[in-house]
Number of protein chains: 2
Amino acid sequence: MTLRHAVLGLLADSPGSGYDLLKRFQTAMANVWSATQSQLYGELGKLEKAELIKVSAEGPRGRKEYSITDTGRTELQTWLLDPGPSPVPRSETLLRVYFLGEVSPAQARDYVARHGESAARLAEHLESLEASIDWDDADSSRYGRLVLEWGKRYAAMEQEWATWATERIRTTRG
Amino acid sequence: MTLRHAVLGLLADSPGSGYDLLKRFQTAMANVWSATQSQLYGELGKLEKAELIKVSAEGPRGRKEYSITDTGRTELQTWLLDPGPSPVPRSETLLRVYFLGEVSPAQARDYVARHGESAARLAEHLESLEASIDWDDADSSRYGRLVLEWGKRYAAMEQEWATWATERIRTTRG
DNA sequence: GAGCCCATGTAATAAGTTACATGATTGT
DNA sequence: ACAATCATGTAACTTATTACATGGGCTC
């Protein structure tokens, strides 16, 4: 039920069509939550039926602009303050690391080192993202700033861990 | 297709029944990957049909002990060294943070602070886990150690971020 | 009028969760 | 005998992915 709240959140910020939302999922939200086009249109239908959003305007090409309703905004706020159950951890990378004993130490080391490199690329990407955002436009980006900072710290942590782990694999055995 | 590899990895370490594997998912793997009982038995059936694993013994109560086959081990090794596509980011917490402008600053601050507290509890949990493991029993836990270290660093990062973010919300506005 | 973007939808499949259903064996 | 644990499986439902399908409107 989280896609639902992601959509509500975007529509709470400003009304938009499915197509508009899709673009926002692919840009601003790309590092936080993702949705496919197919999923999005389905969810918009359900949300409208549940009267959490409504069609507020229609445009060319069958465009339907949705807005959040009062009920929807209440639902969003309730969800926002609910810490919810802690998420099921599921990291494909960590799973691989856990089983790395199945391959040679050299291969294991390479795997971890490559993971560190990909974290470095993520860090770079976030740096350039940060540079490209106009942080003065205030309100909408205040909390986006916190999310970006989280990403930067996460990427840094991954890099440091990979460096540490690579070294550790080197020294534990030949 | 990752549950498949998690199962192969566990069976590569040692043979076991569905029931045995379930317990391993609930303990050792709990912080890395999760599977429900239902999913597990289904996957075991598929893996057997694909001849990546085989029934190596039968016991009381219809117990079937599975072992990995050579084909299965090869498949596991191939997967282990494949970095794979970077995972779709999906963090419910970060999604909430992103939309925190919908509630009052005081509520937003509380939310972030509580998140920090839950990260602190995770850190404690991992510390006690670390203390409870016999790190001398060598082979099987060598890479498990790297995974645990990742968890500790992750928990620390979350706590630091939450502290920073809480402070920032405090100072940015009243 | 050609090509690009806007715009919405459906179908098939895969993956995951919860609940239901059943029963044998072991230890006390 | 009773309870706890071992042990496997199925059904219904939800969520997410990929692919298919269609067409309008805008700009050059």
Side-chain angles (χ1 to χ4, degrees), chain A residues 1-8 10-11 15-27 29-30 32-50 53-67 79 84-92 95, chain B residues 1-8 10-11 15-27 29-30 32-50 53-67 79 84-92 95:
Chain A
M1 296 285 276
T2 305
L3 173 62
R4 153 162 306 202
H5 296 110
V7 170
L8 285 176
L10 288 174
L11 291 179
S17 65
Y19 192 85
D20 293 337
L21 294 179
L22 184 61
K23 279 185 300 181
R24 296 177 74 184
F25 271 106
Q26 286 161 351
T27 56
M29 306 274 291
V32 175
W33 203 265
S34 72
T36 59
Q37 178 258 19
S38 170
Q39 219 188 337
L40 194 46
Y41 283 104
E43 193 62 42
L44 285 169
K46 286 181 217 163
L47 281 165
E48 194 196 352
K49 208 148 122 190
I53 64 174
K54 62 173 199 286
V55 176
S56 54
E58 302 201 25
R61 281 162 293 198
R63 181 177 204 271
K64 286 189 280 187
E65 187 188 76
Y66 292 97
S67 299
W79 171 80
S86 49
V88 182
R90 225 166 235 165
S91 161
E92 196 163 337
L95 186 65
Chain B
M1 296 284 279
T2 304
L3 173 62
R4 151 162 307 204
H5 296 110
V7 171
L8 285 176
L10 288 174
L11 291 180
S17 66
Y19 191 85
D20 293 336
L21 294 179
L22 185 61
K23 279 185 300 180
R24 298 177 72 184
F25 271 106
Q26 286 162 352
T27 56
M29 306 274 292
V32 174
W33 203 265
S34 70
T36 59
Q37 179 257 22
S38 168
Q39 220 189 338
L40 194 46
Y41 283 104
E43 193 63 42
L44 284 169
K46 285 182 217 163
L47 281 166
E48 194 197 351
K49 206 149 124 191
I53 64 175
K54 61 172 198 289
V55 176
S56 54
E58 303 202 23
R61 280 161 294 201
R63 181 177 204 270
K64 285 188 279 186
E65 186 188 76
Y66 292 97
S67 300
W79 172 79
S86 48
V88 181
R90 224 166 235 164
S91 161
E92 196 163 338
L95 186 63

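Throughout, protein chains are lettered first and strands after them, A, B, ... in sequence-line order, and every chain is numbered starting at 1.
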Base C:dT18 paired with B:Ser38 side chain (donor-acceptor, <3.5 Å): yes

Distance-only donor-acceptor test, A:Gln39 side-chain atoms vs D:dT15 base atoms, 3.5 Å: no

Rounded to the nearest Å, what distance is computed from the [atom1] atom of residue [X] to the [atom2] atom of nucleotide [N]?
X       : N      : atom1 : atom2 : value
A:Met1  : D:dT14 : CE    : P     : 10 Å
B:Glu43 : D:dG9  : CD    : P     : 14 Å
A:Gln37 : C:dA12 : CD    : C1'   : 15 Å
B:Gln26 : D:dA7  : CD    : P     : 14 Å
B:Lys46 : C:dA15 : NZ    : P     : 6 Å
B:Leu40 : D:dC6  : CG    : C1'   : 14 Å
A:Asp20 : C:dA7  : CG    : C1'   : 10 Å
B:Leu21 : D:dA7  : CG    : C1'   : 13 Å

Along DNA chain D (nearest heavy atom to each residue), the more 5'-positioned of B:Ser17 and A:Thr2: B:Ser17

Residue closer to the 5' end of DNA chain D, B:Arg90 versus B:Arg61 (nearest nucleotide): B:Arg61

Closest approach of A:Arg90 to B:Gln39 (non-hydrogen atoms, all atoms of both residues): NH2-OE1, 4.4 Å

C:dT8 phosphate, OP1 or OP2, under 4.0 Å from A:Tyr41 side-chain N/O: yes

Which nucleotide, [options], lies nearest any side-chain atom of [X]?
X       : options               : result
A:Thr36 : D:dT18, C:dG9, C:dG16 : D:dT18
A:Tyr19 : D:dG9, C:dG9, C:dC6   : C:dC6
B:Lys64 : D:dT8, C:dA7, C:dT17  : D:dT8

A:Lys54/A:Glu48 salt bridge by N-O under 4.0 Å criterion: no

Results of side-chain contact (heavy atoms from CB on, under 4.5 Å) for B:Ser38 - residues two or more places apart only: B:Thr36

From A:Tyr66 atom OH to A:Ile53 atom CD1, the distance as rounded to the nearest 0.5 Å: 5.5 Å

Approximate separation, where rounding is to 0.5 Å, of B:Asp20 CG and B:Leu10 CG: 10.5 Å

